[in-house]
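The structure under discussion appears below in the form of structure tokens.
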Amino acid sequence: MSKRARPAAARERAQAAPVGGLVRQARLAAGLTQAELAGAEMTKALISHIEHGRVRPSLRTLHVIAPRLGRDVHEFLDEADPQVRQKRVAADLLAAAAAASQGRWDEVELRTKAALRMDPPHGQRMTLLRLQSWAEVEGGRFEAALDLTDHLFREADPDADAFEIMQAHHARGVAYGRTGDTHLAVQELERGREIMERAEVRDPAARGRLLVALGTAYRRSNRTAKAIATYEAALALGAQSEQLRVAAESFMGVGAALYDSGELEGAIANYARALELFERLSTVTYELSTLQSLAAVTFESGDLTKARELAERCKARAIAAGVPKAVATADLTLARLAEAEGDREGALRIASGAAAALAGVDNTQRADALTIIGSVHEALGNTAEADRAYNEAIAALTKTGVGPAYAQVTTEYAEILSKRGESARAYELLKTTLVERLRTPAAPPKRRARARGK
């Protein structure tokens, strides 16, 4: 090789190396061998040379291998340039953060995955892992979320990355809570709060959301006093920092905790404050949830006229917003109202529609609809239909884990059986309920909770 040719060859190898590295990363991520990627058009040796930076692939070659890797040709051309790659990571990170603030979690997942493929610097990688873990939580992919936070914990610096570690514990706590594992939810969220306080995290929105989540975990663990104290701490933070959403969620949490303890007037007052704030924020999902809770609690307080007004308002808002689940949950209160007013046929019709709409969507709410159906059939003397509805409700709740709702439905059904004179069946049902509750551990170790950031 001539002296003039050597620098050119060196430049060629330098340009080939980044592309080759990207091809190798994409191939391994796709689970392909070099021979599988080569196919009939190329040789395994050529792929090896490309990956090791000995050969720069032609545009024609990239057009062949890119689709097999599930990638676009331009990704290999652009990402090979470090400056272009850095700009794309920054752009994807900004877009992912904006999408997360708006609840567009599919967009968050798309952007974070694209940015993570470009091997971002440590700080950006931590933020991307945190955002992607939240996208997995919000998408109901809880195992994937736990895996991502595991990666974050392994790579994070306890001091420099305290905020991301706190957020990762928050995400894990929410994931455990949504799978019914309240013990691990509390454990993760308390760990997140410890890190938040030790590292003096100042972000009021992040602090407030974590406190609201912890308050909810306490409430679901029947630790009402702790729940209310934690919600009130979040409420104070929201008021001080003008974080209306944090304040609204805190009012909603206090309302739920007061409802759990039987203080219906206090629950109604707090739900009303939450609704006022959610309407100001134009947050449809939370507004609908609060309206439904307010309608249900108002019904239980005995104000049927106000409860109907709230339930119909919730249903109309849900129809306008295109949220079918909220339409069905509003119908649950309307079905109870119809039953309370003696319109049993109307109650059956409304509850049956709600049960059908909630099938495969929300087992707890569907069980609620089936319980109404069972109660109405029992009042009409249709014992076989009542039995079928109650048994379906119990089966639906079994899928969500044996909790308070399960115990409430089985107790109600046992009382009905007892009134019929079927004491033996009632006894067996209650015994089964007790056995199931005892069989469910207080802290099921599905995955060991990680404690990081010490």
Side-chain angles (χ1 to χ4, degrees), residues 284-285 288-420 422 425-426 429 433:
V284 174
T285 302
L288 290 171
S289 178
T290 308
L291 262 175
Q292 173 55 28
S293 297
L294 188 54
V297 176
T298 303
F299 169 76
E300 290 198 25
S301 74
D303 189 344
L304 303 190
T305 302
K306 184 65 175 177
R308 180 176 295 281
E309 176 194 327
L310 289 164
E312 289 177 346
R313 180 178 160 195
C314 179
K315 184 173 181 177
R317 184 77 174 94
I319 291 171
V323 187
K325 180 183 173 183
V327 175
T329 51
D331 275 338
L332 294 179
T333 299
L334 292 172
R336 288 195 189 90
L337 283 161
E339 182 184 14
E341 293 166 348
D343 182 8
R344 291 170 180 164
E345 294 301 326
L348 274 179
R349 175 177 50 78
I350 297 170
S352 297
L358 292 164
V361 176
D362 188 320
N363 282 316
T364 301
Q365 298 281 13
R366 180 168 178 267
D368 210 359
L370 289 165
T371 302
I372 297 169
I373 294 169
S375 174
V376 174
H377 274 305
E378 185 66 23
L380 291 170
N382 303 329
T383 55
E385 292 297 328
D387 288 342
R388 183 178 296 110
Y390 275 109
N391 285 322
E392 282 189 41
I394 291 168
L397 288 170
T398 302
K399 295 176 184 177
T400 66
V402 180
Y406 178 93
Q408 182 179 345
V409 172
T410 53
T411 300
E412 180 179 325
Y413 187 30
E415 288 175 357
I416 287 173
L417 293 173
S418 182
K419 288 177 183 177
R420 289 184 197 168
E422 300 180 41
R425 284 183 65 193
L429 179 61
T433 302

| Are Thr333 and Gln292 close enough, and set up right, to give a side chain to side chain donor-acceptor pair (under 3.5 Å), and what steps lead you there? | CA-CA 8 Å; Thr333 299; Gln292 173 55 28; 3.1 Å; yes

>> Could you go through Asp303 and Arg308, starting from their C-alpha distance and side-chain angles, then the distance that decides it, and tell me whether this counts as salt bridge (Lys or Arg N to Asp or Glu O under 4.0 Å)?
In response: CA-CA 9 Å; Asp303 189 344; Arg308 180 176 295 281; over 6 Å; no

task = List the steps and the verdict of salt bridge (Lys or Arg N to Asp or Glu O under 4.0 Å) for Arg336 and Asp331.
result = CA-CA 9 Å; Arg336 288 195 189 90; Asp331 275 338; over 6 Å; no

### Query
salt bridge (Lys or Arg N to Asp or Glu O under 4.0 Å) between Lys315 and Glu312: does it pass, once the steps are laid out?
CA-CA 5 Å; Lys315 184 173 181 177; Glu312 289 177 346; over 6 Å; no

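The CZ atom of Arg313 sits 9.5 Å away from the CZ atom of Arg317 when rounded to the nearest 0.5 Å. Atom CD1 in Ile394 sits 10.0 Å away from atom CD in Glu412 (nearest 0.5 Å). For the atom pair Asn363 CG and Thr398 OG1, the distance stands at 9.5 Å (nearest 0.5 Å). Note: Phe299 CZ to Leu334 CG = 10.5 Å, rounded to the nearest 0.5 Å.
Within the 4.5 Å cutoff, the side chain of Glu392 has heavy atoms near those of the Arg388 side chain. Counting only heavy atoms from C-beta outward, the side chains of Gln408 and Leu397 never approach each other to under 4.5 Å. You'll find the side chain of Leu370 stays beyond 4.5 Å of the side chain of Tyr390, heavy atoms only. Contact annotation: the side chain of Thr290 never approaches that of Ser293 to less than 4.5 Å [non-hydrogen atoms, C-beta and beyond]. Contact annotation: the side chain of Leu288 never approaches that of Lys325 to less than 4.5 Å [non-hydrogen atoms, C-beta and beyond]. Side-chain atoms of Glu378 and Arg420, non-hydrogen and from C-beta on, do get closer than 4.5 Å to each other. No side-chain heavy atom of Glu300 sits under 4.5 Å from any side-chain heavy atom of Val297. Considering only heavy atoms from C-beta on, Thr371 stays 4.5 Å or farther from Tyr413 through its side chain.
Listed here is the closest heavy atom pair of Ala426 and Ser418: CB-N, 4.1 Å. The minimum heavy-atom distance between Leu429 and Ala414, with the atom names listed, is CD2-N, 3.7 Å. Considering all non-hydrogen atoms of both residues, Cys314 and Ala326 come closest at SG-O, 4.5 Å. Closest non-hydrogen pair, Thr298 versus Ala307, comes out as CG2-N, 3.7 Å.
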Show me the donor-acceptor pairs within less than 3.5 Å that the side chains of residues 347-359 make with the rest of the protein, sequence neighbours left out.
{"residue": "Ser352", "atom": "OG", "partner": "Leu348", "partner atom": "O", "Å": "2.7"}

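Remark: Thr285 pairs with no residue by the side chain to side chain contact (heavy atoms under 4.5 Å, CB included) rule, at least two apart or across chains.
No donor-acceptor distance shorter than 3.5 angstrom exists from the side chain of Asn382 to the backbone of Glu385, with no hydrogens or angles considered.
Using modelled atom types and a 3.5 Å distance limit, the side chains of Glu339 and Ser375 yield a donor-acceptor pair.
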